[in-house]
Amino acid sequence: MIRLLVRNIKEIEVLKMNEVRVRIAPSPSGNLHIGTARTALFNYLFAKKNNGKFILRIEDTDAERTSQAYIDNIFDSLKALGLNWDEGPDIGGPYGPYTQSERFDIYPKYVQELLDKGFAYECFCTPEELEAEKKEAAENKKPYVYTKKCENLTEEEKAKLRAEGRKPAVRFNISKAQKAFHDSTILKFNDLVKGELHMDTSLLGDFVILKSNGTPTYNFAVVIDDMLMKISHVIRGEDHISNTFKQILIFEALGAEVPRFGHLGMILAPDRSKLSKRHGATAVSEFVEKGYLTDALVNFVALLGWSPSDGKEIKTIDEIAADFRINEISSSNSIFEYDKLNWMNSHYIKMLSIPELKERLKPYLTKYDLSELTDAQYTRMVEVTYEPLTLLSDITDAVPYFFGEGVEIDEKARETLDSDVSQDVLKTFIEQAKDWDWTEENLHEKLEQFRAFYKEKGIKPKVTMWAVRAAVTGRLCGADMTAILAIIGKDKTFNRVNSAIKQTV
RNA sequence: AGCGGUAUCGUCUAGUGGUUAGGACGGGAGAUUCUCAUUCUCCAAACAGGGGUUCAAUUCCCCUUACCGCCGCCA
C-alpha cells in the first residue's frame, strides 16, 4: 500500500517534471513590440496545445531603461490579445517573484556556486582596458574574444586590485564548462523549429555573468530564472541562438536540467530591415489605437510562420492552439505586410455585430455630436457605413455628413454640382420631394422613380444620384443614399440641396 | 572579418524523388450596384544560380550568391 503510494508520488513527480512550462520574458524598455507579441503568442499556443503553463516574467535588470508605464503597457497589451498568463508578477505563482529586479538576492548564491566549481572567475579589467582590446581586434580585423587575462589571478593579485578600489565582475569560463560536459569544443542542441544547431564554443569569449555593480547580466539571470521556474521549453526569436549556447553551458555547470529550445524566425519590415518606428506602428498598443482589432492582429501574426492544416486562415486563437505544432513552424524570417493585415482587419470588422460595432466605433466619433442622432439613427448609420472600413478609425472620415447643418463640399463634388444637369436634378428634387413621406422604405421607392424619371430624359441613374449625393454629402462616394436621406431627415436634406442650387438672377 | 541561420508567385505560405507546383493577400479583367466599397467569377504570377546523387531533383548532398542574426559589465 505504502509502496504503491510512493510509486504514485514518483509518477506524479515525473509528470511534473514533464509538465510543459513556457514563458515570455519581455524587458520593459518599451511598449510591447509586435514581434514580442508573436513570440508570446507562439509560447501561449504551445502551452495551450500541451496543457502547459504560460508564464510572464518581467526582465528589468537594467533599471535605467525600465519604466512602470512600459510594464503596464506590456500587461495591457498581452491581456488585450487574449494571451493570459498562468503565473506572473501580478498574480504570482509557485516560483515567484516574477520580476527580475525583485530577485536580485537570489543570483549571488549561484554565482558563488559557479565560482566554487571553477566555472567562473573574477575579472578586474576596466572598461577602458576592454575597450582597447576590442579596438585592437577591430583594427586587425580579428573577431574579438575576451583574452581570459583574469582567469588565473592569484589571491594576492586580486587583493591588490581590490585595494586599488577595483570592483570585479564575474565571468563564466566557457572552455572549462565545455570540457567538463562535452567531448569536443562543439556544442550541439536539437532546436524545436530549426533542427540540430551547433557551434564551436572555442570561438566564444568568456562572458560576464555578474556585473561589477553586483547585478546579474541577462544571460545569467535568464538561466537562473528558467531553472528555478522549471521552464521546460524556451521559445524565442532566433536572435537568441548564440545566447542559447552560452546558456546551455551555464545550465550544465549548475547541474540543472537543460530546457528544450525553439528559435523563431524574425519579423522584418517590407524593406527587409528590422521593424521599426519608421515603418509605422511597432507596438501592439499603437495598432489598437489605430483601429486594428486584437483578434485580427493575433490571427495575422500567427500566420507569419505557421499555417493551418485545413487551409482556412481565419481562425480564433483557440482553434489555432488546437491545430498548433511547434515543429511545423517555418524557420525563416517573414515580412510584415500591411496589405494582408488590413484585409484581415476589415474581415474581422465585418464579423462584428452591430451593437458591438456601435460601441467600438464611438471612440473614433468624438469629433461629432452623437446626440444629434437618435439611437435608431445611429444604428442605421453604422449599418450603412461599416462595410468599407479597413480600420475602426476609418469611420471618422466616413461619416461627417451625418452631422451638423451644412456640409463641406469637396472638389469633385463641386465640379459635379456646377453642371447644368446637376442643377436641374436638384431643382426637380426639391419640387418632387417636398411631398414625399420621409421613411426609408418610401424614399427607396421614390428615389427609384426619380432616377427612372431622369433616365427617360437620357440621364444616367449614376449622374442623377451624383447630383443629390454631392449636394447632401459634399462628396461623390459614400453610404447608401436612401439611408443617408432617411437618417439626416427632410429638413437637413432640403437645406443642403437648396444651398447647392445656384441662385440665378 | 568570423560564426550561426534561411532560401517556392511581389508578400505570407502548402507540397512532393515522377503534381497542370495548391491556397491566401495584393495586382489585372468582368458581373452586381445610385457612387465608393462589399460580394461573386475569371486571369497573370514562384521552386535563387551552379554542380553532383538518381532512370528521374523544386524535393537529398555540396558550392556560390543573396538576405537575416550574433559577436556588450544591453536585454
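Because the structure is predicted, anything quoted here is derived from the model rather than measured.
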Length of the line joining A:Lys462:NZ and B:C34:P, which is rounded to integer Å: 11 Å

Short N-O contact, A:Arg23 and A:Glu59, less than 4.0 angstrom: no

Nearest to side-chain heavy atoms of A:Thr217, which nucleotide of B:C73, B:C34, B:C70: B:C73

A:Ser334 side chain near B:U13 phosphate (N/O to OP1/OP2, under 4.0 Å): yes

Base paired to B:A24 (Watson-Crick or G-U; both N/O distances under 3.5 angstrom): B:U11

Nucleotide of B:U11, B:C3, B:A24 approaching A:Leu203 most closely (side-chain heavy atoms): B:C3

Parallel, tilted or perpendicular, as decided by the 30° and 60° cut-offs, for the rings of A:His263 and A:Phe261: parallel

Proximal nucleotide (of B:C12, B:C68, B:A75) relative to the A:Arg65 side chain: B:A75

Gap in Å between the two C1' atoms, one belonging to B:G51 and one to B:U65, rounded: 14 Å

B:U41 versus B:A24 - spacing of their P atoms, nearest Å: 10 Å

Any strand: nucleotide that pairs with B:G69 via Watson-Crick or wobble, under 3.5 Å: B:C3

Candidates B:C34, B:G5, B:A37 - which lies nearest the side chain of A:Glu238: B:G5

B:U35 phosphate, OP1 or OP2, under 4.0 Å from A:Arg469 side-chain N/O: no

Sugar-phosphate, base or nothing in reach of A:Met199, heavy atoms under 4.0 Å: sugar-phosphate

Sugar-phosphate, base or nothing in reach of A:Ser212, heavy atoms under 4.0 Å: base

Span that lies between the P atom of B:C68 and that of B:U11, in whole angstrom: 14 Å

Gap in Å between the two C1' atoms, one belonging to B:G50 and one to B:U58, rounded: 15 Å

Candidates B:C25, B:C34, B:A1 - which lies nearest the side chain of A:Lys340: B:C25

Integer angstrom distance from the C1' of B:G26 to that of B:U19: 26 Å

Nearest to side-chain heavy atoms of A:Glu387, which nucleotide of B:A37, B:U11, B:A1: B:A37

Base-pairing mate for B:A75 - Watson-Crick or G-U, with both contacts under 3.5 Å: none

A:Lys211 side chain near B:C74 phosphate (N/O to OP1/OP2, under 4.0 Å): yes

Gap between atoms CD1 and P, on A:Ile241 and B:G4 respectively (whole Å): 11 Å

Touch class at under 4.0 angstrom, heavy-atom based, for A:Lys134 against every strand present: sugar-phosphate

Sugar-phosphate only, base, or nothing, as touched by A:Ser273 at under 4.0 Å among non-hydrogen atoms: nothing

Donor on one side chain, acceptor on other, A:Tyr348 and A:Asn299, under 3.5 Å: yes

Side-chain heavy atoms of A:Lys246 within contact of A:Ile250, under 4.5 Å: no

Sugar-phosphate, base or nothing in reach of A:Ala479, heavy atoms under 4.0 Å: base

Any donor-acceptor N or O pair under 3.5 Å, side chains A:His233, A:Asn43: no

Short N-O contact, A:Lys149 and A:Glu133, less than 4.0 angstrom: yes

Closest-nucleotide 5' rank along RNA chain B - winner of A:Tyr144 and A:Tyr218: A:Tyr144

Touch class at under 4.0 angstrom, heavy-atom based, for A:Leu447 against every strand present: nothing

Ring centroid separation A:Phe336 to A:Phe300 under 6.0 Å: yes

C1' atoms of B:C25 and B:A14, separation to the nearest Å: 15 Å

Sugar-phosphate, base or nothing in reach of A:Asn243, heavy atoms under 4.0 Å: base

Below 4.0 Å: OP1/OP2 of B:G4 and any side-chain N or O of A:Ser242: no

Sugar-phosphate only, base, or nothing, as touched by A:His240 at under 4.0 Å among non-hydrogen atoms: base

Nearest-Å distance for atom pair OH/P, residues A:Tyr70 and B:A75: 16 Å

Rounded distance in Å between the C1' positions of B:A7 and B:A48: 7 Å

Among B:C73, B:A75, B:G69, the nucleotide that comes nearest once only the side chain of A:Asn219 is considered: B:A75

Touch class at under 4.0 angstrom, heavy-atom based, for A:Leu304 against every strand present: sugar-phosphate

A:Arg57 bridged to A:Asp226 by N-O distance under 4.0 Å: yes

Spacing of A:Lys194 atom NZ relative to B:C70 atom P, expressed in whole Å: 13 Å

Nucleotide B:G15, atom C1' - distance to CG of A:Asp310 in whole Å: 16 Å

Candidate nucleotides B:C73, B:G26, B:A75, ranked by approach to the side chain of A:Glu59 - the nearest: B:A75

Atom-to-atom span, NZ of A:Lys135 to C1' of B:G72 - whole angstrom: 17 Å

Distance-only polar pair, side chains of A:Lys211 and A:Thr217, donor-acceptor under 3.5 Å: no

Aromatic ring proximity A:Phe189/A:Phe245, centre distance under 6.0 Å: yes

Contact nearer the 5' end of RNA chain B, comparing A:Tyr338 with A:His347: A:Tyr338

Sugar-phosphate, base or nothing in reach of A:Arg272, heavy atoms under 4.0 Å: sugar-phosphate

Side chain of A:Asp480 (C-beta onward), nearest among B:C34, B:C68, B:C73: B:C34

Rounded distance in Å between the C1' positions of B:A66 and B:C60: 23 Å

Pair partner, B:C36 [Watson-Crick or wobble, under 3.5 Å]: none

Between B:C74 (P) and A:Lys246 (NZ): distance, integer Å: 12 Å

Sugar-phosphate, base or nothing in reach of A:Glu313, heavy atoms under 4.0 Å: base

A:Asp200 CG - B:G4 P separation (whole Å): 8 Å

Sugar-phosphate only, base, or nothing, as touched by A:Arg475 at under 4.0 Å among non-hydrogen atoms: nothing

Touch class at under 4.0 angstrom, heavy-atom based, for A:Gly305 against every strand present: sugar-phosphate

Nucleotide opposite B:G18 in a Watson-Crick or G-U pair, distances under 3.5 Å: B:C55

